[in-house]
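Structure first, then comments.
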Amino acid sequence: TLSQLRCSGVFEAVEIRKQGFPFRLHHNLFYNRYVPIAKAIVRGDISASSDAEEAAFLAIARSSNVSTRVAALLEVFSSTEPEIMSSPACQKGRTMVLYRAPQHRWLEKHREKIAFHSLIIIQSGARTFLARMWRDRLAFHRSKLRMAILKRQSDILYKVLEQTRTAKCTRLTDYAEACSVVEVVLQEEEVRDTLTRLQGVEVEGKHFNELCRCIDLAVELGIDNESIIVTWKRRLESVRLKVETKRDLVLGVETSDPD
């Protein structure tokens, strides 16, 4: 009960505890933890009196020893918030700074506010750096894709496409274009390889249908102005009518009624 707590001295212990200093930090730890508040006052992020600003300049000066800087830092706090951070509630000992819960809350509130503002700046810088790095990566792979598309060689296209996939840049429109171009290039290379392989064969022979198919595909792909294809087109045009007429006659004889 309440009387039991009173008789057992709990209230007196609480009162003694309240009159003490539960928060204690060595000079170096206190200074390093809360000097950003003084720097914020110097920058004008926290409104303070002229006396507080002068003390803040002294607190961040590295020419003095740590004890002097801690004393200046406490003066900054007491000038900024005299009702909370006045001398009896926040005292500097020979090796430690002693303060109570209200002073701790005030210090931590301003420290967290500064840390949050600094975090936003750091995040902005990091995101800007990452965005620029990603932009440069996309521009690099885009230029490689464009060069591979212009060269129109399947091995180069496959190599660049694999590099683009590894770099996770597949959202580029040039990647989709290169994927479609490589299929066309494979057909173009197949036409050239087939015509090169059939050099010297008779046009009217067993490879006539294969040659016709290659020439028709070359015309469809738009590469019929290449020298090897132009040569084969001329050879085929000279005999195509003859071969097709002969084929029609043979077919007509085979399908005609013997009676």
Side-chain angles (χ1 to χ4, degrees), residues 36 39-40 43 45 112-244 247-248:
K39 294 180 179 180
R43 293 194 303 267
D45 297 339
E112 289 177 3
K113 187 185 298 183
I114 294 168
F116 180 74
H117 179 70
S118 301
L119 179 62
I120 292 176
I121 295 175
I122 293 172
Q123 285 182 340
S124 176
R127 288 171 179 170
T128 301
F129 171 77
L130 292 175
R132 289 176 178 173
M133 184 178 66
W134 184 248
R135 179 200 63 188
D136 294 341
R137 182 190 298 180
L138 290 175
F140 172 74
H141 286 283
R142 182 178 183 275
S143 64
K144 293 192 71 173
L145 286 169
R146 296 311 309 171
M147 290 296 296
I149 290 172
L150 291 176
K151 288 182 179 180
R152 299 187 76 82
Q153 296 180 17
S154 60
D155 55 343
I156 296 177
L157 279 166
Y158 277 124
K159 181 180 179 180
V160 173
L161 286 172
E162 180 62 28
Q163 292 174 350
T164 306
R165 282 192 294 269
T166 304
K168 299 181 180 180
C169 298
T170 55
R171 293 186 178 182
L172 287 168
T173 56
D174 303 272
Y175 176 82
E177 182 181 352
C179 289
S180 61
V181 167
V182 72
E183 301 297 331
V184 177
V185 170
L186 286 173
Q187 292 180 318
E188 294 175 357
E189 292 179 349
E190 182 183 0
V191 169
R192 297 188 188 98
D193 293 342
T194 301
L195 294 180
T196 302
R197 177 172 53 85
L198 296 178
Q199 285 281 12
V201 302
E202 292 292 333
V203 178
E204 301 180 33
K206 61 180 180 179
H207 298 290
F208 176 77
N209 292 331
E210 185 178 3
L211 287 170
C212 290
R213 186 174 64 255
C214 286
I215 296 300
D216 293 338
L217 182 57
V219 173
E220 182 181 346
L221 295 174
I223 59 172
D224 53 321
N225 56 348
E226 296 182 7
S227 59
I228 186 173
I229 298 173
V230 170
T231 302
W232 275 109
K233 280 178 65 177
R234 290 173 181 170
R235 293 178 63 184
L236 280 176
E237 287 173 357
S238 62
V239 299
R240 174 176 281 185
L241 182 59
K242 177 182 176 182
V243 172
E244 291 180 351
R247 182 188 300 166
D248 293 340

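- Applying the side-chain hydrogen bond (donor to acceptor under 3.5 Å, both in side chains) test to pairs two or more places apart or on separate chains, none has a residue in residues 114-129.
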| field | Verdict with supporting geometry, Arg171 and Leu138, side chain to side chain contact (heavy atoms under 4.5 Å, CB included) | value | CA-CA 9 Å; Arg171 293 186 178 182; Leu138 290 175; over 6 Å; no
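- Arg43 is linked by a side chain to side chain donor-acceptor pair (under 3.5 Å) to Asp45, counting only residues two or more places apart in sequence or in another chain.
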| task | Using the side chain to side chain contact (heavy atoms under 4.5 Å, CB included) rule, take Leu130 and Met133 through it: C-alpha gap first, then chi angles, then the decisive distance, then the call. | result | CA-CA 5 Å; Leu130 292 175; Met133 184 178 66; 3.7 Å; yes
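- A salt bridge links Glu162 to Arg165: one of the charged nitrogens lies within less than 4.0 Å of a carboxylate oxygen.
- In this structure, the side chains of Ile215 and Leu195 come closer than 4.5 Å at one or more pairs of heavy atoms.
- A donor-acceptor pair is defined here as one N or O able to donate and one able to accept, closer than 3.5 Å; such a pair exists between the side chain of Glu189 and the backbone of Ser154.
- The structure places CG of Asp224 at 11.0 Å from CG of Leu217, a figure rounded to the nearest 0.5 Å.
- Using a 4.5 Å cut-off on side-chain heavy atoms (C-beta onward), Met147 and Val160 make no contact.
- With values rounded to the nearest 0.5 angstrom, Leu119 atom CG is found 12.0 Å from Glu112 atom CD.
- The existence of a salt bridge linking Arg146 and Glu177 is confirmed by a sub-4.0 Å separation between a basic side-chain nitrogen and an acidic carboxylate oxygen.
- Taken from OG1 in Thr173 to CZ in Arg142, the straight-line distance is 6.5 Å, to the nearest 0.5 Å.
- No more than 12 heavy atoms of other residues, nucleotides or ligands sit less than 6.0 Å from atom CD of Glu190.
- Atom CD of residue Gln187 and atom CG of residue Leu221 lie 5.5 Å apart, to the nearest 0.5 angstrom.
- Within a 6.0 Å sphere centred on CZ of Arg152, heavy atoms belonging to other residues, nucleotides or ligands number more than 12.
- Between Tyr158 and Gln153 there is no side-chain heavy-atom pair separated by less than 4.5 Å.
- Taken to the nearest 0.5 Å, the CG atom of Leu198 stands 7.0 Å off from the SG atom of Cys214.
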| task | Could you check Leu145 against Leu161 for side chain to side chain contact (heavy atoms under 4.5 Å, CB included), going step by step and ending with a plain yes or no? | result | CA-CA 8 Å; Leu145 286 169; Leu161 286 172; 4.1 Å; yes
| request: Test side chain to side chain contact (heavy atoms under 4.5 Å, CB included) on Arg192 and Glu226 and set out the steps. | output: CA-CA 10 Å; Arg192 297 188 188 98; Glu226 296 182 7; 2.7 Å; yes
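- The distance from the CD atom of Gln199 to the CH2 atom of Trp232 is 6.0 Å, given to the nearest 0.5 Å.
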